[in-house]
*Asks:* 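What follows is a structure written as structure tokens; I'll ask about it next.
Below, chains carry the letters A, B, ... as their sequence lines are ordered, and counting in each starts from 1.
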Amino acid sequence: MAPKAYTPKEIEPKWQEKWEADGLYHSDIDESKPKHYALTMLPYPSGDLHIGHWYAMTPSDARARYMRMKGYNVLFPMGFDAFGLPAENAAIKSGIHPMVRTRDNIVRMRKQLRSMGAMFDWRREMVSCEPEYYKWTEWFFIQLYKKGLAYRKLSPVDFCPKCNTTLAREQVWGDDRHCERCSTPVIKKDLSQWFFQATKYADELLSFEGIDWPERVKTLQTNWIDRSEGAEVYFKVDWENGKLDASKVPEPDSRVTVFTTRPDTLFGATFMVFSPEHPLVDKITTAAQKEAVEAYKAQAARQSDIQRGAVDKEKTGVFTGGYAINPVNGAKIPIWIADYVLMSYGTGAIMAVPAHDERDFAFARKFELPIIPVFQAEGSPTPDGATMEAAFISDGVMINSGHFNGTKVNTEKGRKNPAIAAMIDWLEKQGTGKETVNYRYRDWLISRQRYWGSPIPMIYCETHGWNPVPDDQLPVTLPEDVEWKPTGESPLKLHPTWSKTTCPVCGGPATRETDTMDTFMCSSWYHLRYLSPWYDQGPFDPAEYDYWMPVDTYTGGIEHATMHLLYTRFFHKALRDMGITQGNEPMTQLRNQGMVLGEDNEKMSKSRGNVVAPDLLVARYGADTVRAYLMFFARWEMGAPWDSQGIEGSARWVRRTWTLFTDEVKNGSPTPEILRALRRKVHQTLKRVTRNFEQFEFNTIVSSLMELLNEMYKARENGAAGSKEWSEAIDIYLRMMAPVAPHIAEELWAEYGKPYSIHTQSWPKVDEEAAQEDEITLAVQVNGKVRERITVAADASEDFIQAEALKVVERYLEGKTPKKVIVVKKSIVSVVI
RNA sequence: GCCGAAGUGGCGGAACAGGCAGACGCGCACGACUCAAAAUCGUGUUCCGUGAGGAGUGAGGGUUCGAUUCCCUCCUUCGGCACCA
């Protein structure tokens, strides 16, 4: 009998339909089983499923399937992150409504997702642009607002003067920072926008206690938040020329606050630098300096922080004509503006200590400002500020610092540095400063001047200010009858009636917020909507929450390390403090996959023409082969360039499995050794594959199965087919293969008359005894070089092994007695002469 | 500049906890089958050397009987941040 042909085109849709019809992958609360919530990052419905989606999702699916076979009640949902810029830009170009386009794309992508044969529970699908979903996105906004975590403030944004709109960061192109649409250079503009106070949680976000996340992600988040310890110091500032009084502690309304990590160097502050955007600049600038200051401000406004930050840039700046009083010594120091001070970090103003800061040093030398060293290396001659060649930054003792002289200075930050501790104590006693922690992390800017996003459910009334839309009026839905104008103005703003409403307080005429929310807001809680997308009494059913949360395993790309993952953690913690969620973290375990590059080793992109289309691969090889190859061809967390030849190997493996399992069984008369060797290989493989699944080592899962298959071919040659050991091998092999290649495993399982479905079977148990070796080959080293090998019984004594080893390497011993012989059981004998 | 990850055959990669480097696969070579080719099957495939043997996991050093694995210095590539006060 010739083997049946392997026809994935028939087998795969057949099982996909049956699984669907049987609800095989429905996950429901079952208190009798431990739960496992496996989550993979949801796609943006761009139109077609990319090979990158497959690379992210199929190993995650395989592991979810493995967990299910291990006895867990597994939830593995899928949905769409459906709001966002591309759909809106396409609408402006083509006139097709984003909702129409997005829904079309989702229909197509759903079909493509189904072709993967993943165990998604489609009853739990969520789509973030549907009103049933964004109703709750709005609701969450209101909860955060009510908790005092949402606020409005003026914030500089990139603005295109020609299109008359703000631009997202990805819409600003090139080194000259021009508008994506009309190529006009962008400028910065202050707009009043909504923020979430994420910085309130900065310290807590720095703690990763109790979560198993990659070190890499933890480092990225830690660096992103960038906590630094120091002090704020208050300087009295002269903005009505000549009214400075050094003897008085400045009143809050007549002072400027600086943040410094080196308050111990305060005596060396010889000038002050403000960011050009600092609000006090206009007040302190004297008439004589006004022209120069205005010119400098205009020039700085055209640049981004990043351009301004270009490392080796020559220092520039302008004197304002204003002065400040150094609170420690009453010195009158000039105030400059310079673009190396950023409004977005600290307080936008610094005290400049040129003797001990490289940037301040360069600035002082260029503009001939005084340099006063305030500490020096112990026992060395005191440096002269006029002739110093570089800022001094190491351990030492304080000098030129009044009663602080002699205090030790080291390079530690914060109170670990005795000089800093002493200065902070003194500042706090004087009321001219206090210990402070500063973060690079900023509050989360929520507002987008765009149509295709969740509306911000706020209403503005002339008399009652901002108020949230009442709950019973949620969701605020997007109007459909809008015009797409290439002016860049949000259609919500242009709509004749949409923004007109009544004030929830007084019932008088009021206007809606026409900005929409950042789409990261949608993705900060989608894992909660999956729990019960049908639920309408709240964002999720608490019963489902109690059973499934937290997410046990979250998988996705590293590119979300600082944005999405940080927002989600913040969101969860904020909700926790409102009693909406429980526990400190939303996701217990995180794993990141790498990227599939094009065959040219470059990032895949349409313009490069190196995109690999999964649909074509499925048509040619079947989903099982594509899945197997994606798991096999690279270390998952690393990724690798695509290899269109390489997939042939996985295709061969799948076909060879098919051939072996459907081919005529030749009954033979195998020796007991052959059968024992077969069992040994089966259980050794099972042991490895189990470990590999636990540790996300997908590539070696497939290679172990390939090895076992090769071994089974040999065993069959030797007559093993038909034995009970052979049957066991088939059974265990298929169970191990099922998470990787679910269709062929199901088909062959049925072929053997085993009970449907293989995907509800349990994961096999390792027979440790069967996995043991009878004989062991040891390498024998002489002075670190492998010279011979010996094969001994597994239970051979150490003395016996040593004697055997010395016998075979006699000719390498040069007649000497070995100084030392080390026997490492099961592996090596090391002889030292 | 700072922080992080990674460097192993022609290629992707393997090596559980410091113990035989190169599993598995691609590619390539040779052979079988075929009129021929594809597919399939078999054999070989780190480098140098006919050989015995020698070298070898980015480079150099160290610890150790023994290092891809641990430590130090350096180089390269990739990612993040970047005048962060």
Side-chain angles (χ1 to χ4, degrees), chain A residues 214-224 226-228 230 258-263 265 272-273 275 305-306 308-315 338-342 344-353 357-360 362-363 438-440 558-559 561-562 594-595 601 628-629 632-635 637-653 655-656 659 687-688 691-692 695 697 699-710 713 777-789 818-833:
Chain A
E215 284 304 321
R216 203 169 149 209
V217 174
K218 293 195 268 186
T219 306
L220 282 170
Q221 294 200 348
T222 303
N223 292 346
W224 187 259
D226 190 21
R227 177 192 154 99
S228 62
V258 302
F259 172 75
T260 176
T261 57
R262 298 300 308 270
T265 62
M272 211 171 205
V273 187
S275 158
D305 284 1
I306 289 166
R308 280 166 53 165
V311 181
D312 298 324
K313 216 183 76 173
E314 174 89 7
K315 291 273 176 294
D339 61 8
Y340 80 93
V341 176
L342 308 172
S344 54
Y345 185 81
T347 62
I350 61 161
M351 61 180 219
V353 184
D357 181 282
E358 283 174 47
R359 297 152 302 172
D360 298 344
F363 195 85
N438 190 57
Y439 304 91
R440 198 182 72 94
I558 188 79
E559 66 274 17
T562 49
M595 235 198 311
N601 211 358
Y629 185 57
F632 174 73
F633 90 116
R635 249 153 89 182
E637 71 277 16
M638 301 294 283
W642 180 257
D643 180 356
S644 54
Q645 299 268 16
I647 192 172
E648 294 289 347
S650 301
R652 248 166 242 156
W653 170 62
R655 272 200 306 271
R656 272 165 58 81
T659 307
K687 217 172 154 175
R688 266 188 80 178
R691 193 184 66 225
N692 293 156
Q695 300 178 359
E697 295 159 346
N699 54 342
T700 47
I701 290 171
V702 180
S703 58
S704 298
L705 289 175
M706 285 171 168
E707 260 184 77
L708 175 56
L709 184 70
N710 293 343
Y713 264 96
T777 301
L778 296 104
V780 184
Q781 290 184 341
V782 178
N783 281 352
K785 281 194 173 133
V786 177
R787 294 299 183 181
E788 298 291 339
R789 277 160 235 273
K819 279 191 205 144
K820 210 178 195 181
V821 180
I822 296 150
V823 177
V824 183
K825 278 235 170 174
K826 293 179 187 177
S827 158
I828 209 165
V829 180
S830 184
V831 181
V832 189
I833 57 169

*Asks:* Thr562(A) near the nucleic acid: base, sugar-phosphate alone, or nothing, with a heavy-atom cut-off under 4.0 Å?
*Replies:*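 Contact class for Thr562(A): none.
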*Asks:* Taking the side chain of Asp226(A) as its heavy atoms from C-beta onward, which of C65(B), C84(B), G13(B) lies nearest to it?
*Replies:*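 Given the options C65(B), C84(B), G13(B), the side chain of Asp226(A) is closest to C84(B).
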*Asks:* Which nucleotide in the list C83(B), C16(B), C41(B) gets nearest to the side chain of Arg691(A)?
*Replies:*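 Nearest to the side chain of Arg691(A) among the choices is C16(B).
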*Asks:* Heavy-atom count around Glu358(A) CD within 6.0 Å, excluding the residue itself: above 12?
*Replies:*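 Open.
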*Asks:* From the list C84(B), C41(B), A15(B), which nucleotide is the closest neighbour of the side chain of Thr700(A)?
*Replies:*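 Looking only at heavy atoms from C-beta outward on Thr700(A), the closest nucleotide is A15(B).
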*Asks:* Is Arg655(A) touching bases, backbone alone, or none of the nucleic acid, heavy atoms closer than 4.0 Å?
*Replies:*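 Sugar-phosphate only.
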*Asks:* Which is true for Ile822(A) with a 4.0 Å heavy-atom rule: it touches a base, it touches only sugar-phosphate, or it touches nothing?
*Replies:*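 Since a base atom lies under 4.0 Å of Ile822(A), the category is base.
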*Asks:* Could you identify the nucleotide paired to C81(B), looking across every strand shown and requiring Watson-Crick or G-U wobble geometry with both distances under 3.5 Å?
*Replies:*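 For C81(B), the partner nucleotide comes out as G1(B), under the 3.5 Å rule.
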*Asks:* The side chain of Asn699(A) lies closest to which of these nucleotides: G13(B), A23(B), A85(B)?
*Replies:*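 Nearest nucleotide to the side chain: G13(B).
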*Asks:* At what distance, to the nearest 0.5 angstrom, does CZ of Arg691(A) lie from OG1 of Thr700(A)?
*Replies:*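 Arg691(A) CZ to Thr700(A) OG1: 7.5 Å, rounded to 0.5 Å.
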*Asks:* If you assign each of Val786(A) and Ala634(A) to its closest nucleotide in RNA chain B, which residue comes earlier from the 5' end?
*Replies:*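 The answer here is Ala634(A).
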*Asks:* Considering only side-chain heavy atoms of Arg359(A), which listed nucleotide, U40(B), G12(B), C84(B), is closest?
*Replies:*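 Within the option list, the nearest is C84(B).
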*Asks:* If A21(B) has a Watson-Crick or G-U wobble mate with both distances under 3.5 Å, name it; if not, just say none.
*Replies:*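 Across any shown strand, A21(B) pairs with none.
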*Asks:* Choosing from A6(B), G27(B), C65(B), which nucleotide comes nearest the side chain of Gln645(A)?
*Replies:*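 When the side chain of Gln645(A) is considered, G27(B) is the closest of A6(B), G27(B), C65(B).
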*Asks:* Heavy atoms only, 4.0 Å cut-off, all strands: where does Lys218(A) land among base, sugar-phosphate and nothing?
*Replies:*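 Lys218(A): no heavy atom of the nucleic acid under 4.0 Å.
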*Asks:* Taking any strand in view, what nucleotide pairs with U57(B) in a Watson-Crick or G-U wobble way, both distances under 3.5 Å?
*Replies:*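 The answer is none; no pair meets the criterion.
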*Asks:* What's the gap between G18(B) and U69(B) when it is taken at their C1' atoms, as a whole Å value?
*Replies:*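 Approximately 7 Å lies between the C1' atom of G18(B) and that of U69(B).
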*Asks:* In terms of side-chain heavy atoms of Phe633(A), which of A14(B), G12(B), A85(B) is nearest?
*Replies:*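 The answer is G12(B), which lies nearest to the side chain.
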*Asks:* Pairing check on A29(B): which nucleotide meets the Watson-Crick or G-U wobble criteria with it, both distances under 3.5 Å?
*Replies:*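 For A29(B), the partner nucleotide comes out as U43(B), under the 3.5 Å rule.
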*Asks:* Checking all strands, does Thr260(A) fall into the base, sugar-phosphate, or nothing category for heavy-atom contacts under 4.0 angstrom?
*Replies:*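 Sugar-phosphate contact only.
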*Asks:* Before giving the answer on salt bridge (charged side-chain N to carboxylate O under 4.0 Å, His left out), spell out for Arg688(A) and Glu697(A) the whole-Å C-alpha distance, their side-chain angles and the decisive distance to 0.1 Å.
*Replies:* CA-CA 10 Å; Arg688(A) 266 188 80 178; Glu697(A) 295 159 346; over 6 Å; no
*Asks:* Would you mind telling me which residue lines up with the more 5' stretch of RNA chain B, Asp360(A) or Asn692(A), judged by nearest nucleotide?
*Replies:*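 Per heavy-atom nearest nucleotide, the more 5' residue is Asn692(A).
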*Asks:* If you check the Tyr345(A) side chain, which of A6(B), C24(B), C84(B) turns out closest?
*Replies:*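 In terms of side-chain proximity for Tyr345(A), the closest of A6(B), C24(B), C84(B) is C84(B).
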*Asks:* Under 3.5 Å, is there a donor-acceptor pair linking the side chains of Tyr345(A) and Asp226(A)?
*Replies:*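 No pair is found: no donor N or O on one side chain lies under 3.5 Å from an acceptor on the other.
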*Asks:* When the distance from CG of Asn223(A) to P of C81(B) is rounded to whole Å, what number comes out?
*Replies:*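 Computing the Asn223(A):CG to C81(B):P distance gives 10 Å.
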*Asks:* Which one, C84(B), G12(B), C3(B), comes nearest to the side chain of Thr219(A)?
*Replies:*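 Comparing C84(B), G12(B), C3(B) against the side chain of Thr219(A), the answer is C3(B).
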*Asks:* Choosing from G4(B), G13(B), C65(B), which nucleotide comes nearest the side chain of Arg216(A)?
*Replies:*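 Nearest nucleotide to the side chain: G4(B).
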*Asks:* So what does Gly594(A) touch, heavy atoms closer than 4.0 Å: a base, only the sugar-phosphate, or nothing?
*Replies:*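 Contact class for Gly594(A): none.
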*Asks:* Base, sugar-phosphate or nothing for Asn783(A)? Non-hydrogen atoms, less than 4.0 Å.
*Replies:*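 Contact class for Asn783(A): none.
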*Asks:* Identify the two heavy atoms, one from Gln781(A) and one from Ile828(A), that lie closest to each other, and give their separation to 0.1 Å.
*Replies:*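 Heavy atoms only, the tightest pair is NE2-CD1, 3.3 Å.
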*Asks:* Would you mind reading off the distance between Met706(A) atom CE and G12(B) atom P, rounded to a whole angstrom?
*Replies:*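 Taking atom P of G12(B) as the reference, CE of Met706(A) is at 17 Å.
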*Asks:* Whether the Asn710(A) and Arg656(A) side chains hold a donor-acceptor pair (N or O, under 3.5 Å, no angle test) is what I'd like checked.
*Replies:*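 Result is yes, a qualifying pair exists.
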*Asks:* When both hydrogen-bonding distances must be under 3.5 Å and the geometry is Watson-Crick or G-U wobble, what is U76(B) paired with, if anything?
*Replies:*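 Matched U76(B) with A6(B) under the 3.5 Å cut-off.
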